[in-house]
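A quick write-up on the structure given underneath.
As the structure is a prediction and not an experimental result, all values here were calculated from the model.
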Amino acid sequence: MRWFLTLVISLSAGFAGAALWDLTGLGGRTTREYLMANPEVLPEAMKVLQEREQLARIEPMRGQLETPFPGAVLGNPQGSVTLVEFSDYACTYCRQSIADVDALIAANPDLRVVMHEYPILSAESVDAARMALAAAQQGRYAQFHAAMFRLGPPSPEAIQAAAKEAGMDLAKANAAIASGMFDAQLHANASLASTLGISGTPGWVIGNRTLNGAVGRDTIGEAIEEARKT
């Protein structure tokens with residue numbers, strides 16, 4: 001097993017890895033013959049290495065990652081399995097993922113979906129994200145979230161319409177937004193995403209895995225099952 005781990009490190013380290021390969025003496029006939037007979041171990045080994053790197057990034061910030069802005073949660077707020085989503089209301093792929101998330105919530109009563117607003121596509125995205133946090137503050141996050149994606153892309157008119165449909169107190173929401181009280185949360189979300197290597201939306205974190213893009217219900221569902229076992 002020691003030579004196997006050294007091989008993974010070597011392959012992941014480029015020229016430095018090649019030097020390590022020589023110094024360890026693993027470039028000999030026995031190793032070469034094993035790899036030629038079992039080439040499938042290389043992608044498998046790289047997959048294990050990537051998973052370990054993901055875990056190393058996730059674990060130190062898990063508490064912050066899985067702690068939502070108060071109220072910005074879908075599914076079961078007390079659920080034992082947490083799915084984290086980084087989302088932007090201007091993101092077409094986020095809109096496409098709505099049905100997948102709804103289906104996963106319906107199929108998994110123990111699923112808690114922590115939403116991190118990550119408005120990176122437009123100034124209107126930022127405005128919609130601030131209103132979403134105001135909705136969370138008023139206990140109307142799920143209603144605003146659904147309405148905003150249905151009425152989007154975000155514009156001043158669409159944001160106000162979604163807030164009204166969600167039953168929000170608009171005067172209170174607009175005053176909270178004007179105070180700048182939600183900006184620190186948006187900056188914190190962006191910092192989390194950057195540290196995790198999430199550069200676009202939607203971005204997902206479940207258990208020890210990060211996923212990028214509209215990966216689909218089945219892929220997220222498999223990750224939920226993995227997380228439930230850990």
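- Proximity of Leu83 to Asn108: side-chain heavy atoms (C-beta onward) are nowhere separated by under 4.5 Å.
- In summary, the aromatic rings of His145 and Tyr89 are positioned with their centroids under 6.0 Å apart.
- The structure places CE of Met131 at 5.0 Å from CE of Met168, a figure rounded to the nearest 0.5 Å.
- Using a 4.5 Å heavy-atom cutoff, the side chains of Glu117 and Phe69 are not in contact.
- Applying the side chain to side chain donor-acceptor pair (under 3.5 Å) test to residues at least two apart or on different chains, the pairs with a partner in residues 95-107 are Asp100-Arg217.
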(request) Could you walk me through whether Arg62 and Val84 pass the side-chain contact (heavy atoms from CB on, under 4.5 Å) test, one step at a time? (result) CA-CA 10 Å; Arg62 189 178 298 280; Val84 177; over 6 Å; no
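- Asp88 places a side-chain N or O within donor-acceptor distance of the main-chain N or O of Ile120, the cut-off being under 3.5 Å.
- Across every non-hydrogen atom of Phe144 and Ala128, the tightest pair is CE2-O, 3.7 Å.
- Side-chain contact between Glu124 and Pro153: absent, with no pair of heavy atoms (C-beta onward) separated by less than 4.5 Å.
- Of all non-hydrogen atoms in Cys94 and Thr201, the two that sit nearest each other are SG-CB, 3.6 Å.
- The two residues Ala223 and Leu211 have their closest heavy-atom pair at CB-CD1, 4.4 Å.
- For the pair Pro154 and Met148, the minimum side-chain heavy-atom distance is below 4.5 Å.
- Judged by distance alone, the side chains of Ser191 and Ser194 never bring a donor and an acceptor atom under 3.5 Å apart.
- One distance of note links CD1 of Ile224 with CG of Leu104; it measures 4.5 Å at 0.5 Å rounding.
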(request) Show your working on side-chain contact (heavy atoms from CB on, under 4.5 Å) between Gln160 and Asn174 and close with a plain yes or no. (result) CA-CA 10 Å; Gln160 294 293 305; Asn174 288 328; 3.7 Å; yes
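- Side chains of Arg130 and Pro119 form no contact here, defined as non-hydrogen atoms less than 4.5 Å apart.
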(request) Could you please spell out the steps behind the side-chain contact (heavy atoms from CB on, under 4.5 Å) verdict for Leu196 and Phe86? (result) CA-CA 11 Å; Leu196 290 168; Phe86 289 83; 4.3 Å; yes
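- Side-chain contact between Leu186 and Leu133 is present, with at least one heavy-atom pair separated by less than 4.5 Å.
- The backbone N or O of Asn76 lies less than 3.5 Å from no partner atom in the side chain of Arg112, so there is not a single donor-acceptor pair.
- Residues Thr67 and His116 share a closest heavy-atom pair of O-CE1, 3.9 Å.
- The minimum heavy-atom distance between Ser87 and Phe149, with the atom names listed, is OG-CZ, 3.5 Å.
- Between Ile206 and Val81 there is a side-chain heavy-atom pair separated by less than 4.5 Å.
- Contact of the Leu192 side chain with the Val205 side chain is not registered, since no non-hydrogen atoms from C-beta on lie closer than 4.5 Å.
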